[in-house]
Amino acid sequence: MVEERMGDCWSYTKDQFDNLEKHTQWGIEFVEKYTKFVKERSEIEINYAKQIRNLSKKYQPKKNSREEEESKYTFCRSFLLTLNELNDYAGQHEVIAENLTSQIITDLTRYLQELKTERKSHFHDGRKAQQHIESSWKQLESCKRRFERDCKEADRAQQYFEKMDADINVTKADVEKARQQAQMRHQMAADSKGDYSSYLQKFNQEQNDHYYTIIPNIFQKLQDMEEKRIERIGVCMKTFADVDRQVLPIVGKCLDGMTKAAESIEPKTDSKQVVESYKSGFEPPGDVEFEDYGQAMKRTVSETSLSNSREVKEKPTGKSKGKLWPFIKNKNKGSGPEDFSHLPPEQRRKKLQGKLDELNKDIQKEMDQRDALTKMKDVYVKNPQMGDPASVDPRLSEIAQNIEKLQYEVQKFEGWLAEVEEKMPSKSDTHRRSGIYETQNNTTVSNNCAQDRESPDGSYTEEQNSETQVKATTMPVPNPNPTSTTPDFDDEFDDEETLPTIGTCKALYPFEGHNEGTIALAEGELLYIIEEDKGDGWTRVRRNEDEEGYVPTSYIEVFLETNAKGAMTYI
């Protein structure tokens, strides 16, 4: 059955043998081509994984304060999780490349060498069998030609004998000689016939073996080799798909992680975080009161100077710098002063509290080290052989100094924190400021006093005439901040020479001025500057003849005069 099947499939002629040789060579070349294909796919996976990793790394947040701020928001954290999952996703493509190399490329490369060796062996055996049958055929032909030649020679010798025997002129000796020659030729022909018959039988057996046993067996081996090659290619193609499929669960987990990260975004939480990050602590101003300019009445400026701020807005140029709301741009590009006085109250409070927390942690670390060293020293005292107790003293002394410095820093920041918490507006402050605005109805002032004294850039000038000077009213003006009157501070300035004004300023935020030497501010109030900020964060201002003091520079908008000519008319 096998021989018949092989005969049907591969035939056993020389021409088909050559064709099979070409076909199997093409099969080997196909394996080489498929191996190259898998190699290129592996390189693509490696390059893709590298690009994905680089992409993930490129968009990872840098180690600076801005990114630390962004990490507060859920959508930023979600993006970071997505980048991390993407990095893991790239790793799975590296796994694909590694498995393609180990399970297919390496395997096929080794198999190709075995396949070439096996094919060479089979075709060597085939050529050897082919050569043997051709050689046997040539020998058979030689035996046949010799038998043919001997037969012809025997026929001629027989005819010659018969001719000699019939001739009466020939002697008996010649006849006998011709007879013996004929017998010899017949014997030679008979021998050749036997040899030819014997070799013919042998050749037929060899030919039968060649075409029905040897060549079919070789063809069978070639067919088995070819079928194994095809089967091996099929297995590799299946592995090619399985290598991809094996990483799908992990890839799916990576994608699930990205989805989960996206679903973790909370817009409301992020919005609240914005409020926490940028809440200033200031409260909005109170209602603007109606000012009746239809009545011809004298106006004066209240100590709150709120009416002045209203008049500033009415100047013809329309370039007033007054604002109904403290929209502040932080002009300090650096880290700002140590006490964070450049920040709004709420942000300043947070920064100070954060600094205090850091300092307290540092103190706790130092104290823990001190306790550990103290215990070590006690052990050394009790067991001198373990160490010298005095060797610990320098470090304990250093830690004590560090704790002392940190505690000093804590006291300093606690003082600043108490100061800013004192300044934080409360409901009572809101009501008090509302009362301040109500005092505008009790003050009268010239309609154009602020306009005439204001320069185009919004600052006051000292070029005043009698028509534009502000006159004090005889009506008593309520103190805008009764709790922050400064009779105690007046004595401080009585003996000093009155300082000339060098500019004006406008209060951007309320300031209660409880500390000695300070003066209270109401939001929007206009004051005179008599001494610039010398780098300590405080500016000296004057409200009227009897009220001077220091206010935080960050709480006011300053308009310095280019050529100060001396004391100005007091508001």
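Here the structure is a predicted model, which means the values were calculated and not measured.
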Please check if the side chain of [X] supplies one atom and the backbone of [Y] the other of a donor-acceptor pair under 3.5 Å.
X	Y	result
Ser121	Thr117	no
Ser56	Arg53	no
Asn208	Asn204	no
Ser198	Gly194	no
Ser197	Lys193	no
Asp536	Trp538	yes
Ser42	Ala97	yes
Ser78	Ala261	yes
Thr109	Ile105	yes
Asp533	Gly537	yes

If we count only N and O atoms by modelled type, under 3.5 Å, do the side chains of [X] and [Y] hold a donor and an acceptor together?
X	Y	value
Gln407	Gln411	no
Gln353	Asp357	yes
His122	Glu118	yes

Test Glu148 against Arg145 for salt bridge (Lys or Arg N to Asp or Glu O under 4.0 Å), laying out the working first. CA-CA 5 Å; Glu148 181 182 9; Arg145 285 195 297 273; over 6 Å; no
Look at [X] together with [Y] and state whether they make a salt bridge at an N to O cut-off of under 4.0 Å.
X	Y	result
Lys144	Glu141	yes
Lys22	Asp18	no
Lys260	Glu263	no
Asp195	Lys202	no
Lys377	Asp393	yes
Glu358	Lys361	no

Rounded distance (nearest 0.5 Å) linking atom [atom1] of [X] with atom [atom2] of [Y]:
X	Y	atom1	atom2	value
Ser271	Gln273	OG	CD	10.5 Å
Ser397	Asn402	OG	CG	9.5 Å
His210	His132	NE2	NE2	9.5 Å
Glu45	Ile52	CD	CD1	10.5 Å
Glu32	Ile28	CD	CD1	7.5 Å
Leu406	Ile399	CG	CD1	11.5 Å

For a side chain to side chain contact (heavy atoms under 4.5 Å, CB included) check, start with the C-alpha distance between Glu532 and Thr539, then their side-chain angles and the critical distance, and finish with the verdict. CA-CA 5 Å; Glu532 286 188 78; Thr539 301; 5.8 Å; no
Is there a side-chain contact between [X] and [Y] (heavy atoms, below 4.5 Å)?
X	Y	value
Ile133	Phe203	yes
Asp368	Gln364	yes
His23	Asn19	no
Gln60	Asn84	yes
Ile250	Tyr89	no
Leu508	Tyr555	no
Val379	Met376	no
Cys254	Leu86	no

Could Arg232 and Tyr111 be counted as a cation-pi pair, given that NZ or CZ must be under 6.0 Å from the ring centre and within 45° of the axis? yes
Distance-minimising heavy-atom pair for [X] and [Y]:
X	Y	answer
His93	Ala49	CB-CB, 4.0 Å
Thr239	Ile104	CG2-CG1, 3.9 Å
Cys505	Phe559	CA-CD1, 4.3 Å

Carefully, step by step, assess Arg119 and Lys116 under the rule side chain to side chain contact (heavy atoms under 4.5 Å, CB included). CA-CA 5 Å; Arg119 174 183 173 277; Lys116 290 178 180 178; 5.9 Å; no
Residue pair Thr74, Glu266: steps toward the side-chain hydrogen bond (donor to acceptor under 3.5 Å, both in side chains) verdict: CA-CA 6 Å; Thr74 60; Glu266 298 177 357; 5.9 Å; no
Near [X] [atom1], under 6.0 Å, is it more than 12 heavy atoms from other residues, nucleotides or ligands?
X	atom1	value
Gln201	CD	no
Lys412	NZ	yes
Glu114	CD	yes

Stepwise, does the side-chain hydrogen bond (donor to acceptor under 3.5 Å, both in side chains) test hold for Gln103 with Asp242? CA-CA 11 Å; Gln103 299 180 27; Asp242 289 341; over 6 Å; no
Mind running side chain to side chain contact (heavy atoms under 4.5 Å, CB included) on Cys236 and Leu108 for me, showing each step along the way? CA-CA 8 Å; Cys236 290; Leu108 280 184; 3.5 Å; yes
For a side-chain contact (heavy atoms from CB on, under 4.5 Å) with Ile96, tell me which candidate from Asp244, Ile46, Ile44 qualifies. Asp244
Sub-6.0 Å ring centroid separation between Phe240 and Phe37: yes
For the pair Phe30 and Trp26, name the ring-plane relationship: parallel under 30°, tilted 30 to 60°, perpendicular over 60°. tilted
Mind telling me whether Tyr59 and Phe79 have parallel, tilted or perpendicular rings, with 30° and 60° as the class edges? perpendicular
Audit row: Gln92, Asp88, side-chain hydrogen bond (donor to acceptor under 3.5 Å, both in side chains) steps and yes/no: CA-CA 7 Å; Gln92 297 312 305; Asp88 294 342; over 6 Å; no
Side chain to side chain contact (heavy atoms under 4.5 Å, CB included), that's the test. Do Leu222 and Phe123 meet it? Break it down for me. CA-CA 8 Å; Leu222 287 171; Phe123 280 103; 3.5 Å; yes
